[in-house]
Structures are given as C-alpha cells and as structure tokens.
Amino acid sequence: MAGGKITKKIWQVALAVVIIYTAVLTVRNLITVISVKHRMGQLADQKQQFQARITEDSTMLEHLKYDEYLEQYARERFHMQRPNEYIYIIEE
C-alpha cells in the first residue's frame, strides 16, 4: 500500500510540473504575440509615413525638372538671389 501512495504522489507532482511548465510557456508566447502585434502596428504606421514621403518627393522631383520651378524652389528654400538683387525674408 505504501508503494501505491508514493507512485500516486509522483504522478501528481509530475502532472503539476507539466501543467506549470505549459502555463509558463503559454503566458510567454502570449506576451510575445502581443509584442509582435504592437510592433507590426508601429511598422504599418511608418510604412504609411514613408509612402506619403515618397509621393511628395516624387512630385517634387517631377517639378524640379522644369527650370522655372527649380529657380523658385532655390529662391524659397535656399534664399538664392541674382547678382544686384536684394532679398527680404519675412517669416511668419
């Protein structure tokens, strides 16, 4: 009879260890999934920002192919001027 109780206790301890180990792995995997989903959301936001920036830059590149726009861009962005010309910068 004593041998039966010991065997039953060993199986109970083994079962408890398996259950605890499974619970720990499940929680760990759940935390990983939540972390990955959060990161995916951040990357999706960055993707939208970069796509908008690419669209803006592509439009700007097309405009800069024309001399009139190139001159206007250089004057506005880099405060360039022609010889004997004065530029007054007014900031709002």
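- Between K37 and V33, the closest side-chain pair of non-hydrogen atoms falls below 4.5 Å.
- The CD1 atom of I6 sits 10.5 Å away from the NZ atom of K9 when rounded to the nearest 0.5 Å.
- Think of I20 as one node in a network of Ile, Leu, Val, Met, Phe, Trp and Tyr side chains linked at under 4.5 Å; its network also takes in V24.
- A distance of 11.0 Å separates CD1 of I34 from CG of N29, quoted to the nearest 0.5 Å.
- In this structure, the side chains of R53 and Q49 stay at 4.5 Å or more apart for every pair of heavy atoms.
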(message) The test is side-chain contact (heavy atoms from CB on, under 4.5 Å); show your working for R75 and E71 and say whether it passes.
(response) CA-CA 6 Å; R75 288 171 171 269; E71 180 181 352; 3.2 Å; yes
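- Side chain of T26 to backbone of T22: a donor-acceptor contact under 3.5 angstrom is found.
- Annotation: the span from T32 atom OG1 to L25 atom CG amounts to 10.5 Å, rounded to 0.5 Å.
- T7 has its side chain within reach of W11: a pair of non-hydrogen atoms, C-beta onward, lies under 4.5 Å apart.
- In this view, Y73 satisfies the ring pair (Phe, Tyr, Trp, His ring centres under 6.0 Å) rule with no residue, not counting sequence neighbours.
- The side chain to side chain contact (heavy atoms under 4.5 Å, CB included) test applied to Q51 returns K47, not counting sequence neighbours.
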(request) Check the pair E68, Q72 against side-chain hydrogen bond (donor to acceptor under 3.5 Å, both in side chains), reporting the backbone distance first and the verdict last. (result) CA-CA 6 Å; E68 301 86 29; Q72 176 187 351; over 6 Å; no
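- Under the 4.5 Å side-chain heavy-atom criterion for Ile, Leu, Val, Met, Phe, Trp and Tyr, M60 and F78 are members of the same hydrophobic cluster.
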(request) Kindly indicate, with the supporting measurements, whether the criterion side-chain contact (heavy atoms from CB on, under 4.5 Å) is fulfilled by V36 and M40. (result) CA-CA 6 Å; V36 167; M40 284 175 59; 4.0 Å; yes
